[in-house]
Amino acid sequence: MDARTVGLDALPWQQSYATLPERLYKRVGPRPAPAPGWIRLNHAVARSLRIDPASLAGPDGLAVLAGNRVPAAAEPLAQAYAGHQFGHFVPQLGDGRALLLGELTDSTGIRRDVQLKGSGPTPFSRGGDGRAPIGPVIREYLGSEALAGLGVATTRALAAVTTGGTVYRWQPEPGGVLARVAASHLRVGTFEYAAARGDDAGVRALADYALDLHYPDRAGAEHPYQALLQGVAEATADLVADWMLVGFIHGVMNTDNLAIAGETLDYGPFGFMDAFDPATVYSSIDTQGRYAYDQQPVMAEWNLARLAEALLPLLGTGREQALARAHEALACFRPRFEARHQAGLRARIGLAEGRDGDDALVNDLLRRMAEQGADWTLTFRRLSELPSGTAEADGPVRRLFQDPAAFDGWAASWRQRLAAEVRSDARRRTAMRAVSPAYTLRNHLAQWAVDAATERLDFAPMGQLLQVLAEPYADHPGWEHLAQPPRPEARVTRTFCGT
Ligand code: AMP
Ligand code: MG
């Protein structure tokens, strides 16, 4: 056993959430699964929580992960939250198919939530069965590990198991449980829940808790709740910029799915873009394109305004002062998002320093990519392989554009600009590779893994994907096919939520 990890029964479970007012959660245990089995255990995440992977891999570990055994020191609970879903307020949502098993302190000293998702009904199930089919469980596992590998803030997958039970959706499907790890499960909707009930004390308790947990350096600010709001706005701006840079579309940016900690939360009908189209929507329920790729910053800002509304009673004495402080705090969002987004794009085309005209150069490339259906991931990756001195080797990038000449026009301006760079060509290319992944979780690949699992309980494709997604900036000889866009007949244009 690893000296720094401990067995399951010796884990120091905490439940700080239970120190909050009782009206914000309900104590409830998992509903046992008939015949649990393994899908996948994430050894690295287990070790980061100081859990001995061997103890989790045994029968007791499986029982805990399936909800058949609650660790001795854990006191599970379901969290209450509300949320704006597609713009409409729903005053009561909450953990309807999930529960917070407890918290563990990770190897860096940070407290993390361990949540079981698909572990049976709770008082918040609203008639739902509290269960999850293995398809969405595997999609969330893959999606969160893909973003983690790319370096984007996200909840993590600790494990996925089968329950041995059947879940009825469009058709009968095998049931599963995802164990996920998060900085917290506080959402914008958590604050809206208390605010909608006129529960100022509840809002304050949540805000103090969030400050303490996620923004401790702001707790001593002159206006700590304004500082909290600004902290969430900054973290969210960074997160959404990072999503955009890797071509990620969350799919359901309802306020109940936006985490206060700035982590990607709740993977439903998400997707990674193949051909670049700013209007891309994958979610089958998003018929209006509300949460399309290029709407994500706008929707994040909209969600933050809902958080500001919930926090208003804490922001000042009197409505006018509170509103002024809210506006001031949220004003950081746009510039922060733009700066990170543009800096990321500049790095992807190999520019070390910013100069006048760089943004126009980047935007010109994006416009051509969109018009020509160029693959988001491969365009930048292959660009990193091109020398600055000659266009002779441009073929692999040109071929990504329906009309290859559309790339040539841009490439000439790009090379002109590169001539002004002081960095050597070799160093530029290394730097470009480090920010331009070869691999993302393309929808057809996620579908391949889900189909194999659902049809024959075959988890090998999932395992293969995880291997490349853990290091998406590296080349993986022999696995080049996993970096390719789908053939036309394999394209997945719609994804479904996790229900
Ligand atoms: P989500 O689609 O994950 O954002 O969930 C929205 C809300 O629906 C949350 O309150 C969930 O807990 C609840 N929910 C989703 N699926 C189920 C289910 N199968 N049983 C009970 N509640 C569910
Ligand atoms: Mg959700």
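None of the values given here were measured: they were computed from a predicted structure. Counting starts at 1 for both ligands and their atoms, in listed order. Residue numbers run from 1 in the order of the sequence given.
Using a 4.0 Å cut-off between heavy atoms, N257 contacts ligand 1 through its side chain alone, with no backbone atom that close.
Ring centroid separation for the pair Y267 and Y141 does not come in under the 6.0 Å cut-off. For F89 and H84, the distance between ring centers is under 6.0 angstrom.
Contact between V252 and ligand 1 is absent, with no heavy atom of the residue lying under 4.0 Å from the ligand. G268 does not count as a contact of ligand 1, since none of its heavy atoms falls under 4.0 Å from the ligand. Residue R169 places a heavy atom under 4.0 Å from ligand 1.
Numbered from 1 in the order shown, with element, the atoms of ligand 1 that lie under 4.0 Å from a heavy atom of R131 read 19 (N). Near S125, the atoms of ligand 1 lying under 4.0 angstrom from a non-hydrogen atom of the residue are 21 (C), 22 (N). Here is the list of ligand 1 atoms found below 4.0 Å of a heavy atom in L93: 10 (O). Near D256, the atoms of ligand 1 lying under 4.0 angstrom from a non-hydrogen atom of the residue are 4 (O).
Between E301 and R334 there is a salt bridge, with a side-chain nitrogen of the basic residue lying less than 4.0 Å from a carboxylate oxygen of the acidic one. Of the charged side-chain nitrogens involved, at least one lies within less than 4.0 Å of a carboxylate oxygen, so that E145 and R156 count as a salt-bridged pair. Salt-bridge formation is detected for the pair R180/D266: a Lys NZ or Arg NE/NH1/NH2 atom is positioned less than 4.0 Å from an Asp or Glu carboxylate oxygen.
At the Mg ion (ligand 2), the angle from OD1 in N257 to OD2 in D266 is 80° when rounded to 10°.
Residue-to-ligand polar distances place G96 within reach of ligand 1: an N/O pair is separated by less than 3.5 Å. Geometrically, ligand 1 and F124 share no nitrogen or oxygen pair separated by less than 3.5 Å. For ligand 1, the polar-atom distance check finds an N/O of R126 within less than 3.5 Å of one of the ligand's N/O atoms. Not a single N or O atom of Q85, backbone or side chain, sits closer than 3.5 Å to an N or O atom of ligand 1.
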As a quick check of understanding, evaluate side-chain contact (heavy atoms from CB on, under 4.5 Å) for W13 and L104, giving each step before the final call.
CA-CA 6 Å; W13 290 98; L104 292 171; 3.8 Å; yes
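Side-chain atoms of Q79 and T190 form no donor-acceptor pair, as typed in the model, at a separation below 3.5 Å. Judged by distance alone, the side chains of T19 and Y209 never bring a donor and an acceptor atom under 3.5 Å apart. Between the side chains of D95 and Y25, no donor-acceptor pair is found at a separation under 3.5 Å.
Checking G128, G94, A78 against atom 11 (C) of ligand 1, the nearest heavy atom belongs to G94. Considering R97, Q92, E140, K117 only, the shortest heavy-atom separation from atom 23 (C) of ligand 1 involves R97.
Residues L228 and R218 form no side-chain contact, since every pair of their non-hydrogen atoms from C-beta on lies 4.5 Å or further apart.
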